[in-house]
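Have a look at the structure below before the remarks.
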2 protein chains.
Amino acid sequence: MMQTEKLLQNVRLSQTNMRKEILDILDDSSLALSMNEIKLRLKSNYNRVTLYRNLKVLTEKGILHQIHIDRQDSKYVLPLKTDKAGEHDQEHLHFKCLMCNEVKCLTDQHPEQVVLPEGYEKIEVNFVVYGICRTCKNKN
Amino acid sequence: MMQTEKLLQNVRLSQTNMRKEILDILDDSSLALSMNEIKLRLKSNYNRVTLYRNLKVLTEKGILHQIHIDRQDSKYVLPLKTDKAGEHDQEHLHFKCLMCNEVKCLTDQHPEQVVLPEGYEKIEVNFVVYGICRTCKNKN
DNA sequence: CTATTTTTGCAACACTGTTGCAAATATTTT
DNA sequence: AAAATATTTGCAACAGTGTTGCAAAAATAG
């Protein structure tokens, strides 16, 4: 169980219905969800711009994490949920199934420490593996 | 020096001006380029749909490699050029500088072999590190 | 409860992705 | 090399997402 109120309070964002719903939806989901998948699960008919702005601000504040799957597809996750200890930016891989398009966090797969050339500074990483998931594989 | 003709011939694509220009542009560039960056370097005023279709087909045929930087940004490289031995899909990291937006292939950084859960099949990977490059760092 | 701040919905525009189709170009065949 | 065939191009058009400004609505602070 998570308290969405606390999350919003910590970063000084107002407690609006849409924000609480977004966090609940992502908390309930075992998969990373796209903006549109989130939109479909919202109870009321909210405006798409508002959703866009909320996903943006929640990501900027570090509450959500955005995974850049490909040009047409980016997904959001609640890292507080998937990572054990509340470590926001634990580096881990993401897997996208090219058949069912589902995206999973491979939280047990931490990439080795990235070594950048002299003088380069790392801020964030985005590691995606594309392939076929077990469920889709068994369908054939 | 590369022979763009051979590349196109190998995959049975017609030798059109735009295709030859695209390959030359990417061959000349030390950086991964976006669709728009390629468009700006084309000599004639080609149609954007044609460019889109050519980048798509060249990527599908394996001549170009597309790097998914983020939702608004994807870049193309000529892997034959950057990888030594003509190994197309050598897994390596990409680095995007968040100040100058340049994208470099970190060809000497090969990620350790990815281990997927039982029953999952890997097809492709896309690993991007975001940060600040040396040049931008020295400007401050 | 009122004043202030933040958020929402709407209109509007930009850019990229995407398709269908006819005209233009490239390739193959004779 | 010209004709026949196949491929590619440019254009129109539409969809989806990103993005901004602004007034109305909602949330928070006093």
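Each chain gets a letter, A, B and so on, in the order the sequences are listed, and its residues count up from 1.
Looking at residues two or more places apart in sequence or on another chain, you find a side-chain contact (heavy atoms from CB on, under 4.5 Å) between A:Val11 and A:Leu13, A:Lys61, A:Ile63. With sequence neighbours left out, A:Lys122 forms a salt bridge (charged side-chain N to carboxylate O under 4.0 Å, His left out) with A:Glu91. In this structure B:Glu37 satisfies the salt bridge (charged side-chain N to carboxylate O under 4.0 Å, His left out) test together with B:Lys75, sequence neighbours excluded. A search for salt bridge (charged side-chain N to carboxylate O under 4.0 Å, His left out) contacts involving A:Glu121 returns B:Lys137, not counting sequence neighbours. Contacts of B:Asp70 classified as side chain to side chain donor-acceptor pair (under 3.5 Å), with partners at least two apart in sequence or in another chain: B:Lys96. In this structure A:Tyr76 satisfies the ring-ring contact (aromatic ring centres under 6.0 Å, His included) test with no other residue, sequence neighbours excluded. Partners of A:Tyr130 under the ring-ring contact (aromatic ring centres under 6.0 Å, His included) rule, at least two apart in sequence or in another chain, do not exist in this structure.
Computed from coordinates, the B:Glu21 CD to D:dT9 P distance equals 11 Å when rounded to whole Å. Nucleotide D:dT19 holds its C1' atom 14 Å from the CG atom of A:Leu51, rounded to whole Å. When the P atom of C:dT6 is taken as reference, atom CG of A:Leu8 falls 15 Å away, rounded to whole Å. For the pair B:Arg12 CZ and D:dT8 P, the computed distance is 13 Å after rounding to whole Å. The interatomic distance linking B:Asp73 (CG) with C:dG17 (C1') rounds to 15 Å, in whole Å. As a whole-Å value, the separation of B:Gln66 CD from C:dT16 P is 13 Å. Remark: P of C:dT6 and CD of A:Gln9 are 16 Å apart, rounded to the nearest angstrom. When the C1' atom of C:dT16 is taken as reference, atom NE2 of A:His68 falls 17 Å away, rounded to whole Å.
Looking at B:Val129 and A:Tyr120, their side chains never come closer than 4.5 Å, going by heavy atoms from C-beta outward.
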Quick one, give me the B/S/- string for nucleotides 20-30 of chain D, reading 5' to 3', where B means a protein heavy atom under 4.0 Å from the base and S means that only happens at the primed atoms, P, OP1 or OP2. BB-----SS--
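Separation of atoms CD1 (A:Ile132) and CG (B:Leu116) is listed at 11.5 Å; rounding is to 0.5 Å.
For DNA chain D, no neighbouring residue in residues 37-47 of chain A is found when judged by any heavy atom under 4.0 Å.
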Show the atom names and distances, to 0.1 Å, of all donor-acceptor pairs under 3.5 Å that link a side chain in residues 46-53 of chain A to residues at least two apart or in another chain.
residue	atom	partner	partner atom	Å
A:Tyr46	OH	A:Glu21	OE2	2.9
A:Asn47	OD1	A:Val49	N	2.7

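Helix bend of the helix from C:dC1-D:dG30 to C:dT30-D:dA1: the angle between its two end axes, each built from five pairs, comes to 40° after rounding to 10°.
Judged by atom type and distance alone, B:Arg48 reaches the base of C:dG17 through a side-chain donor-acceptor pair under 3.5 Å.
Looking only at atom types and distance, the side chain of B:Thr59 has no donor-acceptor partner in the side chain of B:Gln66 under 3.5 Å away.
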